[in-house]
Amino acid sequence: MTKSDFLVIGSGIAGLSFALKAADYGSVVIITKKTDSESSTNYAQGGIACALGDDDSKEHHIADTLSAGDGLCREDVVTAVVNEGPDMIRQLVEWGCRFTKKENGGFSLGREGGHSRNRIIHTDDLTGREIEGALLERVMEHPNITGLENHIAVDLLTEHNLGVITKPRAVSCFGAYALDEATGKVETYMSGTTILATGGVGQVYLHTTNPGIATGDGIAMAFRAGAKVGNLEFMQFHPTSFLLPDGTSFLISEAVRGYGGVLVSRSGQRLMENHPMKDLAPRDIVARTIDHYLKSSGEDRVYLDVTGFDSDATKKRFPHIYETCLKYNIDITKDPIPVVPSAHYMCGGVVTDLNGRTTISNLYAAGEVALTGLHGANRLASNSLLEAVVMAERAAKMVAEKRQLTSELPDIPDWNERGTFNPEEWVIISHDRNNIRNLMWDLVGIVRSDFRLRRAMNRIELIREEVGKYYRRTKLSHGLIELRNMAICAWLIVKSARHRKESRGLHYNTDYPERDDAVWRHDTFIQNEEILA
Ligand code: FAD
Ligand code: SIN
């Protein structure tokens, strides 16, 4: 058993920045399920939104965020995150992030969809790698922080593990069980404060820009422990990803459209010509336009065209995209890039307050796993890295004031694997994983209908039940832990999508094509299997 003041689950921007702040107040253990840098953060391209331009203001950034969020943003959260942005950029620079500068020394500010001004701070098209690398360096040299790679959290420790039945409001978190993949043993990690920083859930969809780690573990663990989760119908599809031969999707940053790139059909017809913001319309609109075009034309891709620009300038601005596409025989300075939409970002998650507190005592959440209220029904591009770092800082300030002491922790029994067997059929795990990803893509994608959602629910309920049974009798493995979490998250997404009988932001249902503020201008909360009224 390991005991620490703070247990951080996840080593992306949210987990690492929280750890660096919390380490001033006590011992920190970070557990992360793969190598330490493997996270969505590491793959972020476009950058971090922050109103620093001469023609920009916090008011403009707030207005753009609210407009994208389509009536569901929490204004106090939007104001706090935008206001605290410049300090966070300074903090990231202090931690060692080198953002691209203009010749006059100021930050180079990119543009992305839904933004009325240039305000995306970036490091070429490899912003995430720069941030992840700098934060990891600081974490590794910090004497109060211990990082454990290849440790996958299984479940949160609560009164449930003591055999005490509590009302949802009275649940507290004492840490987590985690599988150490080197030893194959499940260890107990006790902590005064636990923070979920486990990122997103894009892997429940067949096509996603997200790395393999994005299996919704934090949402599923919090839900099982009795936390309130919400707005899971709002999965953001990025309009432009490049499908690679192995079936994975490589993101083509929205910054490419900010640079001047345009979406065209195979015959060169412009697709976003009729929208007032043209190719820089908000993501939900661009993704739906492409989806509609693909379904009505029978084509399997559209094209993003930057061929009209100076080729050296394009290579300098997007070195990573240029190199990656070239490996697949696309020279972006000469050839339009074939693109399709892919699942990209979960706007919903574990409900938190403005200081990262979940509905479970001593359990915090920050980053993509959390539902803070910033994004509403549709996230504005490049607001997520900003949200993660602001909310991690707020959570760290909160725990400095208020936290459970490790001396007050109860005795939690060790993990008990009696009655479980080594998996008889590995193939079940990969089959079920593929089934979930296919059904979510086919039935719960960019455009939904009651018929499709009903079919999805029938299927996912069956899979969830079967996976649950298999889980209970099988010795734990990385794949099994993820599969169980994916089944729960897919079920939560379908349940939320079925509940919302309107179209708003990222949730579009052909049976209810209009936004209905009178009835539906509120979040969709689920706790203990039920939708909260
Ligand atoms: P992550 O960075 O995903 O980190 C999650 C961590 O949790 C990982 O270390 C993972 O291994 C660990 N983990 C998960 N489950 C467990 C478990 N059970 N046990 C232990 N560890 C676990 N946003 C922007 O604002 N700007 C951008 O330019 C941008 N570009 C993007 C490009 C791509 C390709 C993608 C996929 C996303 C992009 N986003 C962007 C979104 C943004 O990158 C993510 O929302 C953000 O990085 C999430 O940070 P995080 O710390 O919450 O999670
Ligand atoms: C991108 O670079 O297009 C991704 C930005 C984001 O998801 O915020």
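Just the heavy atoms: all of them, side chains too, but no hydrogens, waters or symmetry mates, feed the values below. For ligands, and for the atoms within them, numbers begin at 1 and follow the listed sequence.
- Residue Gln45 touches ligand 1 through its backbone alone, judged by heavy-atom distances below 4.0 Å.
- Counting atoms of ligand 1 from 1 in the listed order, those under 4.0 Å from a heavy atom of Gly367 are 52 (O).
- Taking any N or O of Arg379, backbone or side chain, at least one lies under 3.5 Å from an N or O belonging to ligand 2.
- Looking at Thr32 against ligand 1, both its backbone and its side chain come within 4.0 Å, counting heavy atoms.
- Counting the atoms of ligand 1 from 1 in the order shown, those under 4.0 Å from a heavy atom of His151 are 19 (N), 20 (C).
- For ligand 1, the atoms lying closer than 4.0 Å to a non-hydrogen atom of Tyr345 are 45 (O).
- Taking 4.0 Å as the cut-off, Gln236 does not count as a neighbour of ligand 2 on heavy-atom distance.
- Trp491 and Phe223 have tilted rings, their planes meeting at an angle from 30° to 60° on a 0 to 90° scale.
- Looking at Leu251 against ligand 2, only its side chain comes within 4.0 Å, counting heavy atoms.
- Near Ile31, meaning under 4.0 Å from one of its heavy atoms, ligand 1 places the atoms 20 (C), 21 (N).
- Ligand-side atoms of ligand 1 in range of Asn210: 36 (C), range being under 4.0 angstrom from any heavy atom.
- Ring geometry for His115 against His61 counts as tilted: the plane angle lies between 30° and 60°, on a 0 to 90° scale.
- The closest protein non-hydrogen atom to atom 2 (O) of ligand 2 is Ser253 OG, 2.7 Å.
- Under the 30°/60° scheme for interplanar angles, the aromatic rings of Tyr205 and Trp441 are found to stand perpendicular.
- In this structure, Arg283 counts as a contact residue of ligand 2, since one of its heavy atoms falls inside 4.0 Å of the ligand.
- Atoms of ligand 1 found under 4.0 Å from any heavy atom of Ser382, numbered from 1 in the order shown, are 24 (C), 25 (O), 26 (N), 27 (C), 28 (O).
- Among all non-hydrogen protein atoms, the one lying nearest atom 8 (O) of ligand 2 is Ser382 N, 2.6 Å.
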